[in-house]
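First the structure, in the form of structure tokens, and then the observations on it.
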Protein chains: 2
Amino acid sequence: MKLNTKSRYAVMALADMAVFSSDNAVSLRDISLRQGISLLYLEQIFLRLKKNNIVKSVRGINGGYILVKSPKELKISDILLALDQKVKTIGCKKDSKKSCNGKSTKCITHDFWDELDIHINSFFENKKLSDLLKNREARI
Amino acid sequence: MKLNTKSRYAVMALADMAVFSSDNAVSLRDISLRQGISLLYLEQIFLRLKKNNIVKSVRGINGGYILVKSPKELKISDILLALDQKVKTIGCKKDSKKSCNGKSTKCITHDFWDELDIHINSFFENKKLSDLLKNREARI
DNA sequence: CTAAAACTTGACTATTTTAGTCGGGTATAT
DNA sequence: ATATACCCGACTAAAATAGTCAAGTTTTAG
Ligand code: FES
Ligand code: FES
């Protein structure tokens with residue numbers, strides 16, 4: 001039960017942007033150097049963040065990325081959704097007719113996993129990017 | 001971010017045992033048939049459950065497994081621990097000197113992931129096996 | 001004008017993890 | 001005796017992950 005690095009790096013990179021926010025765009029090169037994340041990998045990640053309207057890009061020299069929303073308004077769940085699609089802990093789809101074991105009725109544990117998903121998702125829903133920055137500026 | 005099938009099946013199998021509990025042991029063959037889980041796979045899972053003192057075994061004919069604790073006392077976190085060792089969402093160890101990016105200080109997101117782990121673990125800590133069985137007997 | 005900075009995109013690959021199987025045991029009730 | 005059911009390590013195919021590569025396009029400083 002672990003988060004993939006794409007999601008992890010995405011949150012880290014966006015937190016970095018929030019800290020070093022300014023009027024101009026933040027380049028991936030700078031984030032890469034500050035946070036120790038591969039530039040090539042960041043490119044792949046920001047592609048999806050852009051597609052999901054979390055950041056917008058500025059091309060050319062002095063270009064980079066800008067947060068679409070303010071850190072106070074940007075939910076962590078939005079970030080994860082952009083990269084992972086699902087924060088479902090099990091395979092069985094909510095709307096699917098089939099249960100996880102191929103039978104017609106829901107399995108004995110189904111409701112429990114549903115509860116778990118709700119519990120985890122509500123955590124991500126209620127956390128904003130700005131929540132990561134409290135008392136942390138000194139530790140970059 | 002998903003749970004592996006071993007943990008999933010373990011919870012399912014133990015829930016099955018709780019429902020079909022009796023004075024005598026429950027055989028893996030029966031669980032396999034009822035829940036649609038491969039017998040061979042169940043053997044592997046129960047090996048670890050036994051090692052972690054969640055179940056005890058009765059060998060020979062009419063043998064099987066018996067829950068060590070009552071479903072009311074068996075925490076889901078105990079089950080997951082037996083199979084997964086860790087419900088840590090990220091790689092960075094709490095006690096490790098190194099941060100996830102190889103630098104000497106903790107990264108900008110470290111405390112956040114810690115919070116997440118606590119949030120998820122407390123869910124598993126507070127749930128008992130018996131909680132899965134409420135109003136569910138009819139659906140086996 | 002042009003070179004360099006920086007984003008764009010799809011494809012590609014090595015490594016790791018996962019899910020599950022296999023084979024050959026041992027204990028015990030009948 | 002023998003069938004049933006647990007015991008245990010090793011093995012493998014398939015999928016997911018982490019990360020790279022190549023070949024662009026756009027913009028602006030100089
Ligand atoms: S049927 Fe949904 S988890 Fe089993
Ligand atoms: S240093 Fe612990 S998660 Fe980055």
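By convention in this document, chain letters (A, B, ...) are assigned in the order of the sequence lines, proteins followed by strands, and residues within each chain are numbered from 1.
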Output yes when at least one side-chain N/O atom of A:Lys50 is less than 4.0 Å from OP1 or OP2 of C:dC7, else no. no

Does a side-chain N or O from A:Ser57 land closer than 4.0 Å to OP1 or OP2 of C:dT8, or not? yes

Mind checking what makes salt bridge (charged side-chain N to carboxylate O under 4.0 Å, His left out) contact with [X], not counting sequence neighbours?
| X | answer |
| --- | --- |
| A:Lys127 | B:Glu115 |
| A:Lys2 | none |
| A:Lys72 | none |

Does the protein touch nucleotides 13-20 of chain C at the base, only the backbone, or not at all? Give it as B, S and - per nucleotide, heavy atoms under 4.0 Å. ------BB

Can you build the contact string for nucleotides 24-30 of chain D? Use B for base contact, S for sugar-phosphate-only contact, and - for no protein heavy atom under 4.0 Å. BBBBSS-

Length of the line joining [X]:[atom1] and [N]:[atom2], which is rounded to integer Å:
| X | N | atom1 | atom2 | value |
| --- | --- | --- | --- | --- |
| B:Leu39 | D:dT4 | CG | P | 13 Å |
| A:Lys56 | C:dA6 | NZ | C1' | 18 Å |
| A:Glu43 | D:dT20 | CD | C1' | 11 Å |
| A:Leu47 | C:dA11 | CG | C1' | 13 Å |
| A:Arg29 | C:dA4 | CZ | P | 14 Å |
| A:Asn24 | C:dA6 | CG | C1' | 14 Å |
| A:Ile45 | C:dT8 | CD1 | C1' | 15 Å |
| A:Leu33 | C:dA5 | CG | C1' | 14 Å |

Test ring pair (Phe, Tyr, Trp, His ring centres under 6.0 Å) applied to B:Tyr41 - qualifying residues, sequence neighbours left out: B:Tyr9

I'd like to check A:Asp131 versus A:Ile76 (side-chain heavy atoms, cut-off strictly below 4.5 Å). Are they in contact?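 Contact flag for A:Asp131/A:Ile76 side chains = no.
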
Just checking B:Tyr65: base, sugar-phosphate only, or nothing, at a heavy-atom cut-off of under 4.0 Å?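 It contacts sugar-phosphate atoms only.
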
Assign each of A:Lys51 and A:Ser27 to its nearest nucleotide of DNA chain C by heavy atoms, then name whichever residue's nucleotide is nearer the 5' end.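 Between the two, 5'-proximity favours A:Ser27.
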
So, applying side-chain contact (heavy atoms from CB on, under 4.5 Å) with A:Ile31, which one of A:Phe46, A:Phe20, A:Tyr65 is it? A:Phe46

Partners meeting side chain to side chain contact (heavy atoms under 4.5 Å, CB included) with [X] (sequence neighbours left out):
| X | value |
| --- | --- |
| B:Leu47 | none |
| A:Lys50 | A:Val55, A:Ser57 |
| B:Asp78 | B:Ile54, B:Lys69, B:Leu74, B:Lys75 |

